[in-house]
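Right, one structure below, let's go through it.
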Amino acid sequence: MEFETKKRLLTKEEKLRRAIFFYTYEDLDFDLEYEEGNDFDEHGQPLVKIEENINKLDDKTKALVYEFAEREIYDEIIDLKCLKCDYEEQDVDWEMIEEIWDGNKYPILYCPKCGKPHYVPLDIWKKKNKYKKY
């Protein structure tokens with residue numbers, strides 16, 4: 001790839017929250033409890049209450065949650081910048097970008113600010129603007 005992504009190691013708390021959500025969100029009978037006032041953390045993940053929800057899990061699911069939390073798990077993120085208007089976003093979820101990327105040299109997206117199809121990974125923006133002061 002002509003561009004780089006960054007990896008962020010998840011905390012144990014983040015892994016517990018994700019595992020609890022993953023193993024219970026489709027169970028209509030499970031009353032999943034969320035932190036008051038906040039539905040999502042700064043990374044867009046559901047803020048489920050850890051202790052309250054773990055205490056309601058059956059032993060098999062509880063074991064799966066704890067096993068997941070012991071793994072080394074990373075979020076992969078990328079910085080994007082518009083070649084047209086210079087709008088920039090940092091730490092964008094790479095999985096979302098990868099899903100819509102057509103496999104060319106690098107993803108080219110529509111800029112959320114100017115609407116032009118010039119929104120690219122920051123590494124590419126820097127290569128294309130190597131003589132521009134920034």
Query - Flag, side chain of Thr24 to backbone of Ile20, donor-acceptor distance under 3.5 Å - result: yes

**Report entry** Side-chain touch Met96/Glu98, heavy atoms, less than 4.5 angstrom
**Finding:** no

Report task. Given salt bridge (charged side-chain N to carboxylate O under 4.0 Å, His left out), test Arg71 with Glu67 step by step and report yes or no. Result -> CA-CA 7 Å; Arg71 296 181 194 162; Glu67 177 190 332; 3.2 Å; yes

Requested in this report: Evaluate the side-chain proximity of Tyr119 to Ile108: yes if any heavy-atom separation is below 4.5 Å, no if none is.
Outcome: no

Query raised in the report: Are there more than 12 heavy atoms of other residues, nucleotides or ligands under 6.0 Å from atom CD of Glu36?
Result: no

Query raised in the report: Side-chain heavy atoms under 4.5 angstrom apart, residues restricted to Ile, Leu, Val, Met, Phe, Trp, Tyr: same cluster for Leu109 and Tyr106?
Result: yes

Query raised in the report: When rounded to the nearest 0.5 angstrom, what distance separates CD1 in Ile73 from OG1 in Thr11?
Result: 10.5 Å

Query raised in the report: Side chains of Asp86 and Trp125: is there a donor and an acceptor less than 3.5 Å apart?
Result: yes

**Report entry** Member of Lys81, His118, Lys113, Lys116 meeting the side chain to side chain contact (heavy atoms under 4.5 Å, CB included) criterion with Tyr87
**Finding:** Lys113

Report task. Determine whether Leu57 and Phe30 make a side-chain contact, defined as any pair of heavy atoms from C-beta on separated by less than 4.5 Å. Result -> yes

Query raised in the report: So, does Asp75 use its side chain to make a donor-acceptor pair with the main chain of Arg8 at under 3.5 Å?
Result: no

Report summary line: Heavy atoms of Phe3 and Lys105 approach each other most closely as CE2-O, 3.6 Å

Query raised in the report: Do you know which two heavy atoms are closest between Phe68 and Arg18, and how far apart they sit?
Result: CE2-CB, 4.3 Å

Report task. Please step through side-chain contact (heavy atoms from CB on, under 4.5 Å) for the pair Glu72 and Leu9, ending with a clear verdict. Result -> CA-CA 7 Å; Glu72 199 169 281; Leu9 183 63; 3.6 Å; yes

**Report entry** SB check Glu70 Lys12 (cutoff 4.0 Å)
**Finding:** yes

Query raised in the report: Can Leu32 be reached from Tyr66 by stepping across I, L, V, M, F, W or Y side chains whose heavy atoms are under 4.5 Å apart?
Result: yes

Query raised in the report: When hydrophobic residues are tied together by side-chain contacts of less than 4.5 Å, even through go-betweens, does Ile50 share a cluster with Leu10?
Result: no

Query raised in the report: Should the pair Phe22 and Tyr25 be assigned to parallel (<30°), tilted (30 to 60°) or perpendicular (>60°) ring geometry?
Result: tilted

Report task. Evaluate the criterion side-chain contact (heavy atoms from CB on, under 4.5 Å) for residue pair Glu51 and Lys49; output intermediate values, then yes/no. Result -> CA-CA 6 Å; Glu51 191 173 329; Lys49 290 183 176 180; over 6 Å; no

Requested in this report: List the steps and the verdict of salt bridge (charged side-chain N to carboxylate O under 4.0 Å, His left out) for Arg17 and Glu35.
Outcome: CA-CA 11 Å; Arg17 288 182 195 278; Glu35 297 291 342; 3.6 Å; yes

Report task. Decide yes or no for Ile77 and Thr5: does some side-chain heavy atom of the first lie under 4.5 Å from some side-chain heavy atom of the second? Result -> no

Query raised in the report: Just by distance, do the side chain of Asp27 and the backbone of Asp29 share a donor-acceptor pair under 3.5 Å?
Result: yes

Query raised in the report: Within a strict 4.5 Å, meaning less than it, do heavy atoms of the Lys56 and Asp31 side chains meet?
Result: yes

Requested in this report: Compare all side-chain heavy atoms of Leu47 with those of Asp39 and state whether any distance is below 4.5 angstrom.
Outcome: no

Query raised in the report: Are side-chain heavy atoms of Leu83 and Lys128 found at a separation under 4.5 Å?
Result: yes

Report summary line: All heavy atoms of Glu88 vs all of Leu122, minimum pair found to be OE2-CD2, 3.7 Å

**Report entry** Spatial distance of atom CG (Asp58) from atom CG (Leu64) [nearest 0.5 Å]
**Finding:** 8.5 Å

Query - Glu76 side chain to Tyr74 side chain, donor-acceptor N/O pair below 3.5 angstrom - result: no

Query - Residues Leu80, Ile97; criterion side-chain contact (heavy atoms from CB on, under 4.5 Å); working and verdict - result: CA-CA 10 Å; Leu80 301 169; Ile97 304 303; 3.9 Å; yes

Query raised in the report: Given side chains that start at C-beta, do those of Trp94 and Pro121 come closer than 4.5 Å, heavy atoms only?
Result: no

Requested in this report: Check whether any side-chain N or O of Trp101 sits under 3.5 Å from a backbone N or O of Asn104 as a donor-acceptor pair, and report yes or no.
Outcome: yes

Report task. Before giving the answer on side-chain contact (heavy atoms from CB on, under 4.5 Å), spell out for Phe21 and Gln45 the whole-Å C-alpha distance, their side-chain angles and the decisive distance to 0.1 Å. Result -> CA-CA 9 Å; Phe21 182 79; Gln45 298 299 317; over 6 Å; no

